[in-house]
Amino acid sequence: KLSLAELVQTAKRNGLDFLFVTDHNDYAQNLQLLGLDAKNLTVLPGMEWTHYNGHSGLLGVARPISSPFCVNTSEQAGAVLAEARKNGALTVLNHPFCPHTGWHFDIDESAFDLVEIVNGGVVPSANEECLRWWHDQLCHERKIPITGGSDYHSAKYGKNIGQPSTALYAMSRAPADILSALRNGNGYVILWPGGPTLWAEANGAILGETTSRGTEVRVNLTGLQNGDVLHIITDMSDEQITCRSRTWQITLCRTLSEAAFVRFEV
């Protein structure tokens, strides 16, 4: 319900570095991006492909699909997602476990690039179910990059652009670098741009990348508060560290000899 200029100003005020504009089944907003004054904010094109069987973010291109929006079978849905990828878009399953607008096709049989693991517009239980599903995929050695999105439609109490956000380790703020970092999973999801921040590295591999088992993992978190609990989670364990009153930063190393993956939650 805001103009592009209003969206840009709100995103800047909230501390964002980049913003995808993904109107429902609409490309028109993308045609206005070239003339937009968005200094210090990278604004990228997109669309939220919307139908009664689910929503999908098609990111990075002005017109990702030309086919009809409505689909009735998983085969038709797969064809639309394939067309979007052929046209250069990243495909994201948005809020797939939402009880009202979830993904009603077989999620395990659907071909997509990323999954929106936290959405600012759905009930918390839907995000929690998505997190459990994603963890199970990791346990079965299926690595899926994740995003978080505010699903921002209009200004209202408790809703804002960037709540939650996707934080990326990209080479620059250029669109190609942002899309590459998204595709590779080089980042994490936070409730708000203010943090906390997470850095993890193992023998040169960063978040989202792969290294050999038994490699030492180095982790650094900043912006923590008293009472925050850091979870170091693998397919075999969940180590918990509680932040005390003077804790603001945690730096640690772990060697997880048998783990297939490691992820972090605060």
Side-chain angles (χ1 to χ4, degrees), residues 9-20 40-42 114 116-121 124 127-128 130-132 134-135 138 143 145-152 157-173 177-178 181-182 184-211 214-257 259 261-266:
Q9 290 305 313
T10 303
K12 288 182 178 180
R13 185 170 64 245
N14 292 353
L16 294 181
D17 299 310
F18 65 94
L19 175 72
F20 283 94
N40 298 323
L41 179 75
T42 302
L114 305 97
E116 184 185 55
I117 201 166
V118 184
N119 178 283
N127 290 325
E128 292 164 2
C130 192
L131 177 60
R132 288 191 295 269
W134 181 61
H135 178 87
L138 292 173
K143 184 172 69 173
I146 59 173
T147 68
S150 57
D151 210 335
Y152 184 77
Y157 182 77
K159 304 290 184 182
N160 217 327
I161 295 176
Q163 186 180 5
S165 297
T166 303
L168 295 174
Y169 285 103
M171 295 299 292
S172 76
R173 295 186 187 182
D177 287 338
I178 290 172
L182 269 175
N184 295 334
N186 301 142
Y188 54 95
V189 175
I190 47 176
L191 181 62
W192 189 248
T197 65
L198 166 65
W199 171 259
E201 182 267 338
N203 194 30
I206 65 171
L207 291 166
E209 297 178 347
T210 301
T211 188
T215 302
E216 183 182 68
V217 179
R218 294 180 290 172
V219 186
N220 180 264
L221 292 104
T222 62
L224 300 167
Q225 299 183 35
N226 181 35
D228 283 349
V229 179
L230 167 62
H231 294 254
I232 304 172
I233 302 171
T234 74
D235 52 323
M236 307 172 68
S237 62
D238 179 356
E239 178 186 355
Q240 301 181 25
I241 301 172
T242 301
C243 301
R244 302 305 178 188
S245 57
R246 295 185 178 275
T247 301
W248 180 79
Q249 176 173 309
I250 289 179
T251 301
L252 53 85
C253 296
R254 292 291 185 273
T255 300
L256 306 164
S257 301
F261 65 89
V262 59
R263 64 180 184 86
F264 310 94
E265 289 183 28
V266 175

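As the structure is a prediction and not an experimental result, all values here were calculated from the model.
- Legend: residues meeting salt bridge (charged side-chain N to carboxylate O under 4.0 Å, His left out) with E239, ordered by chain and number and at least two apart, are R254.
- At least one donor-acceptor pair under 3.5 Å links the side chain of R173 to the backbone N or O of N40.
- Among all heavy-atom pairs drawn from A205 and T210, the shortest one is CB-O, 3.9 Å.
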Exercise. Side chain to side chain contact (heavy atoms under 4.5 Å, CB included) between F20 and L182: does it pass, once the steps are laid out?
Worked result: CA-CA 12 Å; F20 283 94; L182 269 175; 3.7 Å; yes
Exercise. So N186 and E209, side chain to side chain contact (heavy atoms under 4.5 Å, CB included) or not? Walk me through it.
Worked result: CA-CA 7 Å; N186 301 142; E209 297 178 347; 3.7 Å; yes
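- Interatomic distance, CG of L256 versus CZ of F261, reported as 10.5 Å (0.5 Å rounding).
- The closest side-chain heavy-atom distance from L252 to V217 is not below 4.5 Å.
- Remark: the backbone N or O of I161 is paired with a side-chain donor or acceptor of N14 at under 3.5 angstrom.
- For residues 191-203, the pairs satisfying side chain to side chain donor-acceptor pair (under 3.5 Å) are T197-T222, E201-R218, with sequence neighbours left out.
- Between the side chain of Y169 and the backbone N or O of I206, no donor-acceptor pair lies under 3.5 Å.
- The line from OG of S150 to CG of L19 is 7.5 Å long, rounded to the nearest 0.5 Å.
- The two residues S172 and I178 have their closest heavy-atom pair at O-CG1, 4.1 Å.
- Taking 4.5 Å as the limit, some side-chain heavy atom of N127 sits within range of a side-chain heavy atom of N119.
- For the pair L138 and D235, the minimum side-chain heavy-atom distance is 4.5 Å or more.
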Exercise. Yes or no on side chain to side chain contact (heavy atoms under 4.5 Å, CB included) for I232 and I241, after CA distance, side-chain angles and deciding distance?
Worked result: CA-CA 8 Å; I232 304 172; I241 301 172; 4.3 Å; yes
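- T10 pairs by the side-chain hydrogen bond (donor to acceptor under 3.5 Å, both in side chains) definition with nothing, not counting sequence neighbours.
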For this session: Apply side chain to side chain contact (heavy atoms under 4.5 Å, CB included) to the pair V266 and L230, showing each step before the final yes or no.
Result: CA-CA 5 Å; V266 175; L230 167 62; 4.3 Å; yes
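- The shortest distance between side-chain heavy atoms of V219 and I250 does not fall below 4.5 Å.
- Of all the heavy atoms in L224 and C243, the pair that sits closest is CD1-SG, 3.8 Å.
- Minimum interatomic distance between H135 and T234 (heavy atoms only, all atoms of both residues): CE1-O, 3.6 Å.
- Applying the salt bridge (Lys or Arg N to Asp or Glu O under 4.0 Å) test to residues at least two apart or on different chains, none of the pairs has a partner in residues 219-233.
- Of the possible polar contacts, none joining the K159 side chain to the Y152 backbone as a donor-acceptor pair under 3.5 Å is found.
- Formation of a donor-acceptor pair under 3.5 Å by the T215 side chain with backbone atoms of A202 is not found in this model.
- Remark: E265 pairs with R263 by the side-chain hydrogen bond (donor to acceptor under 3.5 Å, both in side chains) rule, at least two apart or across chains.
- Between G162 and P193, the closest heavy-atom pair is O-CD, 3.4 Å.
- Not counting sequence neighbours, F264 has no partner by the ring pair (Phe, Tyr, Trp, His ring centres under 6.0 Å) test.
- In plain terms, the two heavy atoms of D177 and A170 that are nearest each other are O-CB, 3.7 Å.
- No side-chain N or O of Q163 forms a donor-acceptor pair with one of N160 less than 3.5 Å apart.
- Within the model, atoms CD1 of I117 and OG1 of T166 stand 10.5 Å from one another, a figure rounded to the nearest 0.5 Å.
- Checking side-chain atoms of N220 against main-chain N and O of T251 turns up no donor-acceptor pair under 3.5 Å.
- Within the 3.5 Å criterion, the main-chain N or O of V229 finds no donor-acceptor partner in the side chain of T242.
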